[in-house]
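Data block below; observations after.
Chain identifiers are assigned alphabetically (A, B, ...) following the order of the sequence lines, protein sequences preceding nucleic acid strands; residue numbering begins at 1 within each chain. What you see below is based on every heavy atom in this structure, not just the backbone, and it leaves out hydrogens, waters and symmetry mates.
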Amino acid sequence: MSRTNVKKLLTATDLVGQDVLVKGWVRTKRGNKFVSFIAVNDGSTINNIQVVADAEKFPEESLKEVTTGACIAVTGKLVESQGKGQTVEIQAEKVEVLGTADVETYPLQKKGHSLEFLREIAHLRPRTNTFGAVLRMRHAMTFAVHKFFNDRGFFNVHTPIITGSDAEGAGQMFRVTTLDPINPPKTETGEVDYSQDFFGKNTNLTVSGQLEGEVAAMALGQIYTFGPTFRAENSNTSRHLAEFWMIEPEVAFNELTDNMDLAEDFLQYLVSYALENCADDLQFLNDMYDKELLNRLNFVVNNKFERVTYTDAVEILKNAKKAKFEYPVEWGTDLQSEHERYLVEKHFNKPVILINYPKDIKAFYMKLNDDGKTVRAMDVLFPGIGEIIGGSEREESYEKLMTRVREMGIHEEQVWWYLELRKFGTAPHAGFGLGFERLMLFVTGMGNIRDVIPFPRFPKSAEF
RNA sequence: UCCUCCUUAGCUCAGUCGGUUAGAGCACAUGACUGUUAAUCAUGGGGUCCUUGGUUCGAGCCCAAGAGGGGGAGCCA
């Protein structure tokens with residue numbers, strides 16, 4: 001007999017009355033001298049199938065190894081449940097223990113685990129309801145990202161993970177080298193001689209696929225990347241990882257407004273997809289962690305984002321007499337977390353897209369506005385998350401871009417190929433980066449980014 | 001990296017003013033119960049009070065340093 005997964009058993013009414021085989025892990029066993037109830041989960045859904053084992057066929061001794069965490073295979077008839085709480089259950093004929101789990105040492109119990117504790121057993125936490133829900137939703141969001149772009153004629157581009165440019169200035173990088181760390185080759189001036197390294201130059205893990213993404217957009221028109229990103233920042237927060245996944249669309253001929261439209265459509269699509277396809281998992285997360293989760297997701301889907309210029313936002317914050325800010329608000333400085341939170345959670349009470357930031361606090365490649373002071377940047381701010389998207393219209397003028405490169409001390413020789421895009425058939429274009437785990441935070445209602453990725457990487461932590 | 005809080009049973013936590021034998025719930029074991037729903041009830045076993053050093057007649061509790069963790073901030077996605 002072939003295996004039927006729990007999700008199908010719970011929904012396929014045509015299987016009632018038939019013999020079925022289910023394989024999965026025991027969540028709980030309870031009962032009395034006459035009957036045992038075993039809740040089995042195989043990961044196909046957050047819900048368990050109840051296996052009923054009558055003592056006539058299964059004396060207590062025979063079920064001794066059927067403990068929380070054990071892996072079992074059960075054959076029996078799928079029947080309508082006599083008890084309340086489930087519609088169907090399996091009347092067991094045969095229970096085989098595929099893998100035992102010693103009750104004294106198996107760390108997961110029926111209840112009461114903190115997320116902090118589960119982080120220490122990342123190899124077992126996918127077996128919990130919470131992480132099962134999160135990981136199923138992570139898959140659903142991955143799929144939805146590809147579907148959104150594919151349906152709109154975007155092409156997925158694989159940008160390199162090892163890069164030779166550190167020009168983007170997006171943060172500290174992880175060095176990639178095969179040189180002997182104890183005794184590396186040296187130049188005549190005593191510095192490490194990277195010309196003898198594997199790539200013949202100093203290389204690092206990528207901090208962004210954007211520059212290469214622009215190369216592809218200048219040929220394929222509209223592209224997106226979806227890959228791992230690495231930042232060696234010593235960030236210890238619930239919103240940062242050293243290894244995370246980023247989605248970066250880049251579109252030829254798009255201007256700032258098109259960019260905002262795309263970002264807003266994209267986010268609303270992803271949230272709708274979650275609401276439509278992850279109902280059981282979302283309901284669990286809503287009940288267990290965040291009673292406002294479903295309301296918040298529905299709100300984001302059904303309301304336009306507020307679009308405000310940086311200059312107007314500064315005015316709003318300066319006029320916010322009631323709010324006491326730890327840091328002063330001044331035109332020309334970057335907004336602090338408290339300022340962003342005020343705008344999103346107090347003033348507008350909805351997602352906000354901030355645009356036209358001062359050029360001095362943004363990256364060199366952003367398009368200069370006619371005022372000469374601001375650039376066509378855009379940050380999408382979400383409640384509880386802060387910045388979920390950062391993007392801009394790109395500077396397409398070779399002269400203006402070179403001016404910015406020199407002003408900001410960018411290493412020209414490392415990005416010559418990027419600069420040449422403006423020499424040969426330049427075009428207006430725009431794009432943005434979405435932090436995938438930040439999206440996951442929003443859509444699951446989880447509070448810590450380390451709990452929305454299976455194996456988090458952060459300072460002093462690369463176990464598992 | 002900075003600020004702040006925390007670290008006591010397998011897990012979650014209480015522990016009064018520094019005082020003699022460190023507690024609870026859950027988990028686990030044993031028993032009871034004819035359909036349970038994070039089953040329930042009874043009984044029982046279970047401790048490097050994070051580590052090191054100090055103060056004290058006496059430290060889970062006070063002091064110092066270190067380690068680990070949470071929350072906030074910076075950096076950003």
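Within 4.0 Å of A:G433, counting heavy atoms only, lie sugar-phosphate atoms of the nucleic acid but no base atom. Using a 4.0 Å heavy-atom distance criterion, A:L108 is classed as making no nucleic acid contact. Note on A:T68: nothing from the nucleic acid sits closer than 4.0 angstrom, heavy atoms only. Among the heavy atoms of the strands, none lies under 4.0 Å from A:E338. Across all strands, A:Q82 comes closer than 4.0 Å to base atoms (heavy-atom distances). Across all strands, A:N236 comes closer than 4.0 Å to base atoms (heavy-atom distances). Among the atoms of the strands shown, base atoms are found under 4.0 Å from some heavy atom of A:E89. Within 4.0 Å (heavy atoms only), A:Q50 reaches at least one base atom of the nucleic acid. Using a 4.0 Å heavy-atom distance criterion, A:L241 is classed as a base contact. Here A:Y327 lies in heavy-atom contact (under 4.0 Å) with sugar-phosphate atoms only. Among the heavy atoms of the strands lying under 4.0 Å from A:T28 are primed sugar atoms or P, OP1, OP2 only; no base atom is included. As judged by a 4.0 angstrom heavy-atom cut-off over every strand, A:S238 is placed among residues touching the sugar-phosphate backbone only.
Residues A:L124 and A:P107 have side chains in contact (heavy-atom distance under 4.5 Å, counting atoms from C-beta outward). Side chains of A:E326 and A:Q336 form no contact here, defined as non-hydrogen atoms less than 4.5 Å apart. When side chains are defined from C-beta on, A:R438 does not count as touching A:F244, because their heavy atoms never get closer than 4.5 Å.
A perpendicular orientation is assigned to the rings of A:F382 and A:F305, their planes being inclined by more than 60° (bins at 30° and 60°). Ring geometry for A:F226 versus A:W245: interplanar angle over 60°, hence perpendicular rather than tilted (30 to 60°). Between A:Y357 and A:Y310, the ring planes are tilted. Angles from 30° to 60° get that label. Relative orientation of the A:F154 and A:F149 rings is tilted, given thresholds of 30° and 60° on the angle between their planes.
Between A:N32 and B:G35 there is a side-chain polar atom (N or O) within less than 4.0 angstrom of OP1 or OP2. A sub-4.0 Å separation between OP1 or OP2 of B:C75 and a side-chain N or O of A:S235 is absent. Considering only side-chain N and O atoms, A:R450 lies under 4.0 angstrom from the phosphate OP1 or OP2 of B:G70. When the side-chain nitrogen and oxygen atoms of A:R239 are compared with OP1 and OP2 of B:A73, one or more of them lie within a distance under 4.0 Å. The phosphate of B:G69 (OP1 or OP2) has no side-chain N or O of A:N448 nearer than 4.0 angstrom. OP1 or OP2 of B:G72 has not a single side-chain nitrogen or oxygen of A:T237 nearer than 4.0 Å.
Atom CD of A:E387 is separated from atom C1' of B:A73 by 16 Å (rounded to the nearest Å). Distance CD1 (A:I121) to P (B:U12): 10 Å, rounded to an integer number of Å.
One C1' atom belongs to B:A22, the other to B:C13, and the distance between them is 14 Å to the nearest Å. To the nearest whole angstrom, the two C1' atoms, one in B:G18 and one in B:C26, are 31 Å apart.
Considering only the side chain of A:R119, B:G69 comes nearest among B:C76, B:G35, B:G69. Ranking B:G35, B:A73, B:C28 by closeness to the A:V103 side chain, first place goes to B:C28.
The local environment of NZ in A:K7 is sparse, with at most 12 non-hydrogen atoms from other residues, nucleotides or ligands closer than 6.0 Å.
A salt bridge between A:E395 and A:R404 is absent, with no side-chain N of the basic residue lying under 4.0 Å from a carboxylate O of the acidic one.
Side-chain atoms of A:K362 do not come within 3.5 Å of backbone N or O of A:P358 as any donor-acceptor pair. A donor-acceptor contact shorter than 3.5 Å is absent between the side chain of A:N286 and the backbone of A:L282.
For B:A77, the base is stacked against the aromatic ring of A:F244, per a cut-off of 5.5 Å between centres and 30° between planes.
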So which protein N/O to nucleotides 46-52 of chain B N/O distances come out below 3.5 Å?
none

Where does RNA chain B pair, written as one dot-bracket string 5' to 3', with Watson-Crick or G-U pairs under 3.5 Å, ( ) inside the strand, [ ] for crossing pairs and | for another strand?
(((((((..((((.....[...)))).(((((.......))))).....(((((..]....))))))))))))....

